[in-house]
Protein chains: 2
Amino acid sequence: MVTIKDIATMANVSRSTVSRVLNNSGYVSEEARQRVEKVIEATGYVPSGYAKSLRTKQTKVIGVILPTIQTETPSRVVTGLGRELSKHGYQILLANTDHDKEKELEYLDLLVRQVDGIVLIATNTEPELTQKIKSMNLPFVMVGQEAENVICVTYDDYHVARDVTAFLVDKGHTQIGFIGVDETDQAVGCFRKKGFYDEMKSRDLSIEEAWVQKGVFDIDSGCKAMKKIIEDSKQRPTAIFAVTDRLAIGAMSYVKRIGMEIPKDIAIAGIGASELSQYVDPPLTTVDYKNETAGEEAAKQLLAFIQGEDYQKKIVLDYRLLSRDSV
Amino acid sequence: MVTIKDIATMANVSRSTVSRVLNNSGYVSEEARQRVEKVIEATGYVPSGYAKSLRTKQTKVIGVILPTIQTETPSRVVTGLGRELSKHGYQILLANTDHDKEKELEYLDLLVRQVDGIVLIATNTEPELTQKIKSMNLPFVMVGQEAENVICVTYDDYHVARDVTAFLVDKGHTQIGFIGVDETDQAVGCFRKKGFYDEMKSRDLSIEEAWVQKGVFDIDSGCKAMKKIIEDSKQRPTAIFAVTDRLAIGAMSYVKRIGMEIPKDIAIAGIGASELSQYVDPPLTTVDYKNETAGEEAAKQLLAFIQGEDYQKKIVLDYRLLSRDSV
DNA sequence: TTCCATCATGGAATCGATACCACATCGCAT
DNA sequence: ATGCGATGTGGTATCGATTCCATGATGGAA
């Protein structure tokens, strides 16, 4: 492997001069610069990243920890992150926890000395996690969940849920079911649920116990949750608010299977604006969360923090309700 | 930041001894080991990865270059890769080209000195690319496309296409349309098309020119391609073979929109076994490519190569045709 | 002529680890 | 007593860059 030393020898200059050419720093005569550049070109020399990192204490790598890349939300966020980071010469080291909270902690340890910063696409906000993050004082951004004392980029889950609920009510529905997820996921589990309950309450609408079910982020569980709602409720709801598109699509697939028509017999709304949502039949009413923007925003804040510039501690992104035929 | 030197001082041993403890190499007395371990524990010391890499010439990082992570195929492959790599202590450096061939080349340059190996989830096999890969002699695996002189993990696109076509013919169809993609993508563009043509020919079935259209890997273009087929053909085909699920789903959405029924008026089949495919109406007949397995296999071959063990130059994965109601 | 910026360049220390080698100790066989 | 292999430890060079400092030219101002 050709090193800076070889380049120096071949160009008949010192390593210092090669380094100056490489980094565009200090004084280098035009003549020397050209000689060096020619040698670099000829040899195809690429500086060793780790030698550089060792010396400069910068890796130009950002660690991204996420629960999975097989769903649209995280993969969109990563796309946004990548786009913004690569503009500034940063790369992404990917850590897929596969929904395993243990691994989340392990990866934090693993990454700490290898990256300039970490982005966590979070599904939980357990104290053990936030504790650890603070303890390793490394530039850090959390996407999708709120936490104390860290930079967060979040969505306004509470108001989204109120809006969706309000939308259903305004369409004339008074009996509305809800398919949520476990509350360890604060953003999706708690805030969206609370938004739903609060809006229903503010409209003086009551909620039958069986109308509220839980799933686990996949289509199949949306299907099962819907089944429970249909089978267990005394009075069937006329509308369903599912906290993710996949749950909503699962619910749709169940109600269609038992011969109900959407939206005539039951209206359904989701959240997430998955690509899928516009091609199911009927197209699903949902909320666009602009995940790529979230990724870009997270990258911007992280880089600002790293570079000692001004950054915003909390960013709450806006959203857009997409009204389609399922309601 | 605490370094190996600090640990050495605190444990009252030399750096060499700490290193030996860290790597479980050479002789270390039980007593010294315990002292060192205690200090490490107490300080939360983590060795610097780049210093280590500089010395050992191993980064324990694999670069993964892909066109996008927003579609299921690459994200499944990455999941498989990650699973297998992390078992062996390797991490993934992600390079998203956003379908830009220029970037593909740039990333190769960028990664070359930072990683122990590269996995390319390929969409093209242009000579410029394969040339470059060979020239940088770095452990390398290509997923999804075949190329000379590199380790490849591929699918049997040709026979898949023949099988799907045969399946349609066996169901009684003789007029079959085809929605493909550009042929710069050898696997998806050429092989699948050739499989279709060859199978049709072997059955003595002719293909009207307008029955064969092209799209670009998204649902919308499947929709447009289908529109062309319907509008331009003298005799409408009774079945459509789309080379990806998204194209197939686009096609479905178009024919449903114009009031045709699936599969009564027209049958549709895709490839890819996207999650989506089982929830569209009717569920889509498709082919399961086991992308995660491909990722795992790619990782295994790459690691075997890196470690100087036996590896297979070409791996062709098997597949499974999923017969559903769309045919 | 002298002096002092400005420009150019190289030498050497350094980053934080590993690994080779030398040396010391110890027990056991000769 | 001597030799020798096994064990344990530290010293030091090294990986490939950056960076600070010293030293030399050069040239225009005083």
Side-chain angles (χ1 to χ4, degrees), chain A residues 1-40 43-61 89 91 109-116 138, chain B residues 1-40 43-61 89 109-116 136 138:
Chain A
M1 187 92 291
V2 37
T3 73
I4 196 172
K5 205 177 155 186
D6 303 323
I7 303 296
T9 316
M10 293 168 77
N12 213 15
V13 294
S14 71
R15 273 138 71 225
S16 316
T17 303
V18 178
S19 175
R20 272 179 226 120
V21 172
L22 249 29
N23 297 292
N24 245 312
S25 62
Y27 294 114
V28 181
S29 68
E30 190 49 36
E31 194 219 2
R33 154 166 284 116
Q34 298 217 345
R35 252 183 304 147
V36 171
E37 276 168 355
K38 222 161 78 186
V39 175
I40 290 178
T43 53
Y45 163 73
V46 180
S48 154
Y50 26 93
K52 184 168 182 160
S53 293
L54 176 59
R55 191 62 237 255
T56 61
K57 315 251 171 228
Q58 270 204 44
T59 62
K60 289 277 184 175
V61 172
Q91 302 188 66
D109 275 329
L110 189 62
L111 291 178
V112 66
R113 292 281 301 257
Q114 307 190 47
V115 298
D116 290 346
L138 192 73
Chain B
M1 188 92 288
V2 36
T3 73
I4 196 172
K5 204 176 156 187
D6 302 323
I7 304 295
T9 316
M10 293 169 77
N12 214 13
V13 294
S14 71
R15 274 138 68 224
S16 314
T17 303
V18 178
S19 175
R20 270 178 226 119
V21 172
L22 250 27
N23 298 293
N24 246 311
S25 61
Y27 295 112
V28 181
S29 67
E30 191 49 36
E31 195 219 359
R33 153 165 284 115
Q34 298 217 344
R35 255 184 301 146
V36 171
E37 276 168 355
K38 224 162 76 185
V39 175
I40 289 178
T43 53
Y45 163 72
V46 180
S48 154
Y50 26 93
K52 183 167 182 161
S53 293
L54 176 58
R55 190 63 236 253
T56 60
K57 315 244 169 237
Q58 272 204 44
T59 63
K60 290 277 186 175
V61 172
D109 275 328
L110 189 63
L111 291 178
V112 65
R113 293 280 301 258
Q114 308 190 45
V115 299
D116 291 346
M136 41 188 237
L138 192 73

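Quick note on labels: first sequence line is chain A, next is B, and so on, each numbered from 1.
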Can you tell me which nucleotide in [options] comes closest to the side chain of [X]?
X: A:K57; options: D:dT9, C:dC15, C:dT18; value: C:dC15
X: A:A51; options: C:dG16, D:dG16, C:dT9; value: D:dG16
X: B:S29; options: C:dT18, D:dT18, D:dG8; value: D:dG8
X: B:L22; options: C:dT18, D:dG10, C:dT9; value: C:dT18
X: A:N23; options: C:dT18, D:dA17, D:dT18; value: D:dT18

Do side-chain atoms of [X] reach the backbone of [Y] as a donor and acceptor pair under 3.5 angstrom?
X: B:R35; Y: B:A11; result: yes
X: A:S19; Y: A:R15; result: no
X: A:R20; Y: A:V28; result: no

How is [X] classified with respect to the nucleic acid when contacts are heavy atoms under 4.0 Å: base, sugar-phosphate, or nothing?
X: B:S16; result: base
X: A:T17; result: sugar-phosphate
X: A:V18; result: nothing
X: B:R33; result: nothing

Please identify which of these residues, A:V18, A:N12, A:T17, meets the side chain to side chain contact (heavy atoms under 4.5 Å, CB included) condition with A:S14. A:T17
Do B:Y45 and B:L22 come close enough that some side-chain heavy atom pair is under 4.5 Å? yes
Check whether any side-chain nitrogen or oxygen of [X] sits under 4.0 Å from OP1 or OP2 of [N], and answer yes or no.
X: A:S14; N: C:dG10; result: yes
X: A:Y27; N: C:dC7; result: yes
X: A:Y50; N: D:dT18; result: no
X: A:K5; N: D:dG16; result: no
X: B:T3; N: C:dG16; result: no

Taking atom [atom2] of [N] as reference, at what distance in whole Å does atom [atom1] of [X] sit?
X: B:D6; N: C:dG16; atom1: CG; atom2: P; value: 8 Å
X: B:I7; N: C:dA17; atom1: CD1; atom2: P; value: 9 Å
X: A:R113; N: C:dC15; atom1: CZ; atom2: P; value: 13 Å
X: B:Y45; N: C:dG16; atom1: OH; atom2: C1'; value: 7 Å
X: B:I40; N: C:dA17; atom1: CD1; atom2: P; value: 10 Å
X: A:I4; N: C:dG11; atom1: CD1; atom2: P; value: 14 Å
X: A:E31; N: C:dT9; atom1: CD; atom2: C1'; value: 12 Å
X: B:K52; N: D:dT14; atom1: NZ; atom2: C1'; value: 17 Å

Nearest-nucleotide comparison on DNA chain D, the residue closer to the 5′ end among A:T56 and B:R15: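 Closest to the 5' end, via its nearest nucleotide, is B:R15.
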Closest-nucleotide mapping onto DNA chain D: is A:L54 or B:V28 further toward the 5' terminus? I mean the 5' end. B:V28
Suppose we call a contact any N or O donor and acceptor under 3.5 Å apart; does that hold for the side chain of A:R20 and the base of C:dG10?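 Looking at the base of C:dG10, it does pair with a donor or acceptor on the side chain of A:R20 (distance under 3.5 Å).
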Does the side chain to side chain contact (heavy atoms under 4.5 Å, CB included) test come out yes or no for A:N23 and A:K52, once each step is laid out? CA-CA 11 Å; A:N23 297 292; A:K52 184 168 182 160; 3.3 Å; yes
